[in-house]
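Heads up: the structure comes next, in structure tokens.
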There are 2 protein chains.
Amino acid sequence: MTKSPPKTASTTLEQDSIGLPSAEEDHARRRRNPTRERLLAAAGPTFAQSGFDHVTVRELAAQAEVNVAAVGYHFGDKLGLYRAVIESIRSRKDRRFPTPDNAEQDPRKRLTQIVSNLLCRMASSDETGWETQLLLREIQRPTPVFEHIVRVIFRPQFEHLIETLRELSQSELQAHQLEQVALSIVGQCTYHATGYGMISILITPENLETKFNTNSTVVHIVASTLASIQSGTIQDYEQMITEFLEATRKNR
Amino acid sequence: MTKSPPKTASTTLEQDSIGLPSAEEDHARRRRNPTRERLLAAAGPTFAQSGFDHVTVRELAAQAEVNVAAVGYHFGDKLGLYRAVIESIRSRKDRRFPTPDNAEQDPRKRLTQIVSNLLCRMASSDETGWETQLLLREIQRPTPVFEHIVRVIFRPQFEHLIETLRELSQSELQAHQLEQVALSIVGQCTYHATGYGMISILITPENLETKFNTNSTVVHIVASTLASIQSGTIQDYEQMITEFLEATRKNR
DNA sequence: GATGGTTTCAAACGATTGTTTTAAACGGTT
DNA sequence: AACCGTTTAAAACAATCGTTTGAAACCATC
């Protein structure tokens with residue numbers, strides 16, 4: 001009845017189509033709203049820790065010290081709150097890295113920075129930590145906002161990585177090979193983040209602390225990538241492996 | 001009241017401690033039980049597809065065409081049924097690969113086989129497909145049986161992989177470096193399985209079919225691994241990356 | 001065919017989920 | 001101070017979860 005003002009319908013909006021005339025003041029008014037902001041701020045880390053499905057709205061409300069009905073009133077939906085969290089991540093990322101240009105550097109240093117940033121943000125639980133962990137959960141178990149996230153957040157970083165790899169390979173690798181190498185890097189990083197529970201069981205404790213911390217992992221990933229790229233023998237190996245596979249298939 | 005016979009308490013047994021006198025005939029009797037077997041057979045793929053949490057016991061019962069109370073009667077618990085599924089996976093694996101010896105081969109061929117097997121079982125949804133996918137889900141979101149799975153199922157395969165890598169490197173790599181390479185391989189494989197939803201968005205459709213199918217992925221992973229191992233320059237690269245990281249940390 | 005243990009079934013249980021309701025409290029304007 | 005739209009709060013909503021119940025069906029044995 002009297003709840004017309006906010007309550008964005010979370011199922012209808014796909015993109016951020018904020019451009020209406022009254023939207024400006026509306027948004028400004030909301031920003032001064034303490035409970036909405038408190039809920040939004042608390043929802044991020046909570047979603048990141050347990051994932052969308054395993055978080056209850058009562059948990060979110062308790063974490064923000066607001067009433068449970070607040071999520072329905074301000075965001076319409078649990079999914080609406082989640083979308084708002086995603087949007088806040090994106091806008092914050094754009095503001096912090098307006099242009100990802102630490103350009104004209106040594107591409108090897110740039111690759112090291114990319115991997116280091118990725119792994120550090122995945123590992124630690126500081127301000128930017130929960131953001132990356134939330135995005136990680138989106139890969140593991142996609143929600144309705146998955147495709148949006150990939151296109152808006154992941155793709156730019158992915159292309160930045162590919163561009164760096166292109167400089168590194170000195171155009172000896174084809175486009176799809178660059179993509180493969182990039183995916184390998186991202187895959188190793190995500191695995192060290194999501195699979196740490198298994199790693200800590202498989203690896204002996206003393207090695208775990210000294211050789212499998214974030215720094216050592218960065219060193220290994222970057223070093224093996226550089227070694228495989230610049231050895232110049234990948235093509236020969238690929239030919240050999242292909243023959244192996246064909247032989248195995250015949251033997252079957 | 002009258003439900004004494006089966007109903008194993010799922011919370012108490014951690015290991016497979018089947019050795020009691022009457023357990024033999026009891027187990028034999030159960031094996032002839034159609035509903036128990038039907039439930040167990042249907043639960044595997046269902047758990048694999050949606051994960052433990054997102055599967056309802058009514059779903060499991062409907063899939064097996066049995067009553068919902070059957071899971072409580074035969075397995076005591078939803079988690080008890082899950083444990084039985086895990087146990088069935090382990091026993092089947094032991095029976096199929098009693099000794100993982102396709103030994104005395106070219107270690108490069110053996111590595112190719114390992115990666116190929118891993119990726120094929122992850123990708124396809126045949127008989128062995130759901131098993132691997134269920135184990136994958138366990139990594140992404142561990143259940144109370146996680147540690148048991150890692151020690152009993154994952155560790156043997158992991159050590160087999162490391163042994164192969166040791167032969168490949170001709171003892172030029174230290175133990176922890178072998179572990180790092182092994183984790184990189186496993187990480188890339190799991191990423192190509194779990195992250196395919198993202199890959200299919202990031203990669204252009206024509207390349208996706210031709211260059212990112214299972215075969216091409218196997219070729220790339222094995223080839224880049226061999227190239228990085230046998231280039232002999234990893235140590236130099238590691239030294240360089242370490243200096244990069246220290247420089248970055250100072251600049252901050 | 002009656003008996004007693006074993007297995008199946010429909011129904012219901014208590015707990016928890018996301019969401020909605022209804023009224024009270026708030027805050028600026030006249 | 002009275003008004004009115006906006007925001008908060010406690011309670012209830014319907015739906016669904018895992019699990020349990022109690023009686024019916026089954027089945028070999030006497």
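Heavy atoms only: backbone and side chains are in, while hydrogens, waters and symmetry mates are out. A, B, ... follow the sequence lines: proteins, then strands. Residue 1 opens every chain.
In this structure, the CZ atom of A:Arg38 is 15 Å from the P atom of D:dT7, given to the nearest Å. Atoms CZ (B:Phe75) and C1' (D:dG18) sit 16 Å apart, rounded to a whole Å. As a whole-Å value, the separation of A:Asn67 CG from D:dA10 C1' is 7 Å. In this entry the distance linking OH of B:Tyr82 with P of D:dT19 reads 15 Å, nearest Å. A straight line from OH of A:Tyr73 to C1' of C:dA23 spans 15 Å, rounded to a whole angstrom. Between the C1' atom of D:dT8 and the CD atom of A:Glu65 lies a distance of 15 Å, rounded to the nearest Å.
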Reading 5' to 3' through nucleotides 12-19 of chain C, protein heavy-atom contacts under 4.0 Å coded B for base, S for sugar-phosphate only, - for none:
B----BBB
Tabulate below the donor-acceptor pairs under 3.5 Å that side-chain atoms of residues 55-62 of chain A make, not counting sequence neighbours, or state none.
| from | atom 1 | to | atom 2 | distance (Å) |
| --- | --- | --- | --- | --- |
| A:Thr56 | OG1 | A:Glu59 | N | 3.0 |

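The phosphate of C:dT7 (OP1 or OP2) has no side-chain N or O of B:Thr35 nearer than 4.0 angstrom. Under 4.0 angstrom from either OP1 or OP2 of D:dC17 there lies no side-chain N or O belonging to B:His54.
Residue pairs meeting the side chain to side chain donor-acceptor pair (under 3.5 Å) criterion with at least one partner in residues 185-197 of chain A, sequence neighbours excluded, are A:Gln188-B:Ser184. Within the structure, no pair that satisfies the salt bridge (charged side-chain N to carboxylate O under 4.0 Å, His left out) test touches residues 61-74 of chain A, not counting sequence neighbours.
Among residues two or more places apart in sequence or in another chain, the side chain to side chain donor-acceptor pair (under 3.5 Å) test is passed with A:Asn67 by none. Residues passing the side-chain contact (heavy atoms from CB on, under 4.5 Å) test with B:Thr143 are B:Phe52, B:Tyr82, B:Glu138, B:Val145, sequence neighbours excluded.
Counted within 6.0 Å of CD on B:Gln49, heavy atoms from surrounding residues, nucleotides or ligands total 12 or fewer; the atom is thus considered open.
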